Amino acid sequence: MSRIYTEQEQVRREARVRMEEEGVNPYAYSWDVSHHATDVLAAFDEEKHVADGEGEAPEKLTVSVAGRIMSRRIMGKAAFFHLQDESGKIQIYVSRDDLPEGFYNTVFKKLLDIGDIVGIEGFVFRTRVGEISIHTEKLQVLAKALRPFPVVKETGEQTWNEVTDKEFRYRQRYVDLVVHPEVRETFRQRARMITAMRGFLDGRGYVEVETPVLQPMYGGAAARPFTTHHNALDMKLYMRIADELYLKRLIVGGFDGVYEISKDFRNEGLSRFHNPEFTMMELYVAYKDYAWMMALVEELVEHLAIALHGTTELQVGENRISFQRPWRRLPLFDAIEEKTGEQLFGKTRDELSVIGKRLGLEVDDSMGAGKIIDEIFGEFVEPHLIQPTFITDYPVELSPLAKKHRSKEGLVERFEAICNGKEICNAFSELNDPDDQRQRFEEQVRLGKRGDEEAMQLDEDYLRALEYGMPPTAGLGVGVDRLAMLMTNADSIRDVILFPLLRPEADDTRDQSADDAPTQP
RNA sequence: GAUCCCGUAGCUCAGCUGGCAGAGCAUCUGACUUUUAAUCAGAGGGUCCCAGGUUCGAGCCCUGGCGGGAUCACCA
């Protein structure tokens, strides 16, 4: 595959060749790093490392760092540049006479560019203007960048030429991460959040497990699956849409608490809140019910906010959100009545249809009672729930895996936590009556036959497991990406997913011959 | 899938009523041993997203497509 190089690429490729001619390996094997950039700043001690003017020689703080050249200021026989590593930036000072004969003029000045990765060994000092810097005693090229980087310039207050093209940033996330330290920080926070979540769950003795991604039958959520094919077994497989049914089999098997943090896949549209593959945490705890689970969710999310930010109060977009326990608890029908003045409990499907239309919704004949209620909630209530709120007790027809309510006819023991106008989790007292579960599945199959593409399949093996007896169980599903959006103040799910799904680009990054590659039967 | 907005140099962006494609940074050449958006002097760099159309002439107008964003739909 060949590609026409831009002027700047040609210059960099020539530099790479000339480096090799000079005996400098443009792709070194290793470099011993003693400090990150921020460690250097922290380790520098004014008392010890700066001459005190009374003739006493300062102590030398020698460090070794590695990173990418982000800017260059060359002044004849000396130069400054900023080196960026994972922690941040540190200024490097280079002078001709401190490097091997000729290296400064031929290699440093002529063959190194912004974006190249180098190792620097030297001592730390403070420049005349006051910036803590490293005086280079040894410079090694570690990796030559053959493509030019976007050069972002900044002072304390202002930034120039920042990469703003979202497409560029999502497609070339590696570049986005280099030029936007805050993006690195977002993903570090995401990682910390998941670590804290895992710690919270492990600390309570729940067992982290792994269940199949490739499944002969999908279930556990209302969604359309991706399909794939296993060649050796010549079998259609689905990629999981939820972990639920497998995890509850494990509760049958005698685990008292299991959880899984994993990717789910749903064959749906893309939006600010939806990526076809996304991360879910599901937890099932035996002998507990949804009221107990509510308390756990509050505690978990409060714990995460403190672990990440040291406080329970976060700024998310326009809103100041407090995750401090306890959160408001509000039955679904009361929430709807509060916002619309309509009490929907006990209403027939046709009465709901009339109310829905009166409220201005489009209601068609295919929509059941539960669907109409869900629409009214989604339109008039959910967007207005900014502070974390538990919405409880859903209609049974919306929740085929939840246990019927102990006291309210037609409802199930289910809650969702809503925050900043979006759901962050879904939980219920799990249905463990196998005969009731079979009827619910059969209803789903009827819906499927009527054309509901998101209806669940009847999972005989799951029913078999329930028939052996599953203890009363509380179950929870948390949208990890949605939660990460809240915790990092991101307004698009793409900002908390490193490589969000995009349409393929027609460009130079794919080999032409790939189009001729054999496809799987 | 629908609607609206966007697509010009490596990056950020101008481009008038349709009249020779521009700037800053980056790159190249030269000067400069504590600079910091380094500075100074000079130079090169374009499939104006793609394909048609209108026109003497299209970056600009029209049609279709591709890609992205936002909103909606779908969906948690």
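Per chain, numbering begins at 1; letters A, B, ... match sequence-line order. All figures in this text were calculated on a predicted structure; none of them were measured in a lab.
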Checklist entry - Within this structure, what is the CD-to-C1' distance between Glu14(A) and U27(B), rounded to whole angstrom? => result 12 Å
Checklist entry - OP1 or OP2 of U71(B) sitting under 4.0 Å from any side-chain N/O of Arg272(A)? => result yes
Next on the checklist: Expressed as a whole number of angstroms, how long is the span from Asp491(A):CG to G69(B):P?
Outcome noted: 12 Å
Checklist entry - Base, sugar-phosphate, or nothing: which does Glu9(A) touch, judged by heavy atoms less than 4.0 Å apart? => result nothing
Next on the checklist: Under 4.0 Å, heavy atom to any atom of RNA chain B: which of residues 97-110 of chain A qualify?
Outcome noted: Asp97(A), Lys110(A)
Checklist entry - If you look only at pairs with a residue in residues 259-270 of chain A, which of them pass as a salt bridge (charged side-chain N to carboxylate O under 4.0 Å, His left out), with sequence neighbours excluded? => result Arg240(A)-Glu260(A), Arg240(A)-Asp264(A), Lys263(A)-Glu277(A)
Checklist entry - With a 3.5 Å cut-off and just heavy-atom distances, do the side chain of Glu7(A) and the base of G44(B) make a donor-acceptor pair? => result yes
Item to check | side-chain N/O Lys153(A) vs A38(B) OP1/OP2, d < 4.0 Å | outcome: yes
Checklist entry - Mapping Glu268(A) and Glu131(A) to their closest nucleotides on RNA chain B, which lands nearer the 5' end? => result Glu131(A)
Next on the checklist: Within the 4.0 Å heavy-atom criterion, would you say Leu502(A) contacts the bases, only the backbone, or no part of the nucleic acid?
Outcome noted: sugar-phosphate
Next on the checklist: Using atom C1' in both nucleotides, what's the gap between G45(B) and U39(B) to the nearest angstrom?
Outcome noted: 24 Å
Next on the checklist: If the condition is salt bridge (charged side-chain N to carboxylate O under 4.0 Å, His left out), which residues does Asp459(A) pass it with, not counting sequence neighbours?
Outcome noted: Arg249(A)
Item to check | Pair listing, salt bridge (charged side-chain N to carboxylate O under 4.0 Å, His left out) test, anchored in residues 123-137 of chain A, at least two apart | outcome: Glu46(A)-Arg126(A), Lys60(A)-Glu137(A)
Next on the checklist: Between the base of A37(B) and the side chain of Glu154(A), is there a donor and acceptor pair under 3.5 angstrom?
Outcome noted: no
Item to check | Thr164(A) vs C6(B): side-chain N/O to OP1/OP2 distance below 4.0 Å | outcome: no
Next on the checklist: What is the distance, to the nearest angstrom, from the CZ atom on Phe149(A) to the P atom on A9(B)?
Outcome noted: 19 Å
Checklist entry - Across the strands shown, which category fits Phe81(A) at heavy-atom distances under 4.0 angstrom: base, sugar-phosphate, nothing? => result nothing
Checklist entry - Is any side-chain N or O of Arg73(A) closer than 4.0 Å to OP1 or OP2 of U35(B)? => result no
Next on the checklist: I'd like the P distance from C49(B) over to G59(B), given in whole Å.
Outcome noted: 10 Å
Item to check | Side chains of Arg414(A) and Leu398(A) in contact at under 4.5 Å (non-hydrogen atoms) | outcome: yes
Checklist entry - If you measure from the P atom in C62(B) to the same atom in G18(B), how many Å do you get, rounded? => result 10 Å
Checklist entry - Within the structure shown, what part of the strands sits under 4.0 Å from Ser71(A) by heavy-atom distance: base, sugar-phosphate, or nothing? => result nothing
Checklist entry - Can you tell me the Watson-Crick or wobble partner of C56(B), both distances under 3.5 angstrom? => result G19(B)
Item to check | Distance, rounded to the nearest Å, where His135(A) contributes NE2 and U33(B) contributes P | outcome: 15 Å
Checklist entry - With sugar-phosphate meaning primed atoms plus P, OP1 and OP2, does Ala221(A) contact a base, only sugar-phosphate, or nothing at under 4.0 Å between heavy atoms? => result nothing
Next on the checklist: Under 4.0 Å, counting only non-hydrogen atoms across every strand here, what does Phe273(A) touch: a base, just sugar-phosphate, or nothing?
Outcome noted: nothing
Next on the checklist: Is any side-chain heavy atom of Glu430(A) closer than 4.5 Å to one of Lys403(A)?
Outcome noted: no
Checklist entry - Within 45° of the axis and under 6.0 Å from the centre of the six-membered ring of Phe273(A), does NZ or CZ of Lys422(A) qualify? => result yes
Checklist entry - Can a side chain N or O of Lys77(A) be found less than 4.0 Å away from OP1 or OP2 on U33(B)? => result yes
Checklist outcome for this item: Rounded to whole Å, the CG-P distance (Leu146(A) to G10(B)) equals 16 Å
Next on the checklist: Classify Val129(A) by what it touches in the nucleic acid, base, sugar-phosphate, or nothing, heavy-atom distance under 4.0 Å.
Outcome noted: base
Checklist entry - According to the interplanar angle, ranging from 0 to 90°, do the rings of His135(A) and Phe123(A) count as parallel (below 30°), tilted (30 to 60°) or perpendicular (above 60°)? => result parallel
Next on the checklist: Just to be sure I understand the rule, does Arg503(A) reach a base, reach only the sugar-phosphate, or reach nothing, if contact means heavy atoms closer than 4.0 Å?
Outcome noted: sugar-phosphate
Please write out the pairs of protein N or O atoms and N or O atoms of nucleotides 40-42 of chain B separated by less than 3.5 Å, giving the distance to one decimal.
none

Checklist entry - Where the side chain of Asn161(A) is defined as all heavy atoms beyond and including C-beta, which of C28(B), U34(B), C11(B) is the nearest nucleotide? => result C11(B)
Checklist entry - Partners of Tyr218(A) by ring-ring contact (aromatic ring centres under 6.0 Å, His included), sequence neighbours excluded? => result Tyr238(A)
Item to check | Atom pair distance, as rounded to whole Å: CG in Asp176(A) and P in G68(B) | outcome: 16 Å
Next on the checklist: Considering every strand and a 4.0 Å limit on heavy-atom distances, what is the contact class for Thr6(A): base, sugar-phosphate, or nothing?
Outcome noted: sugar-phosphate
Item to check | Sugar-phosphate only, base, or nothing, as touched by Arg494(A) at under 4.0 Å among non-hydrogen atoms | outcome: sugar-phosphate
Checklist entry - Within the structure shown, what part of the strands sits under 4.0 Å from Arg171(A) by heavy-atom distance: base, sugar-phosphate, or nothing? => result sugar-phosphate
Next on the checklist: Once you apply a heavy-atom cut-off of 4.0 Å, does Asp264(A) come out as touching a base, just sugar-phosphate, or nothing?
Outcome noted: nothing
Item to check | Distance test, side-chain N/O of Lys422(A) to OP1/OP2 of C75(B), below 4.0 Å | outcome: no
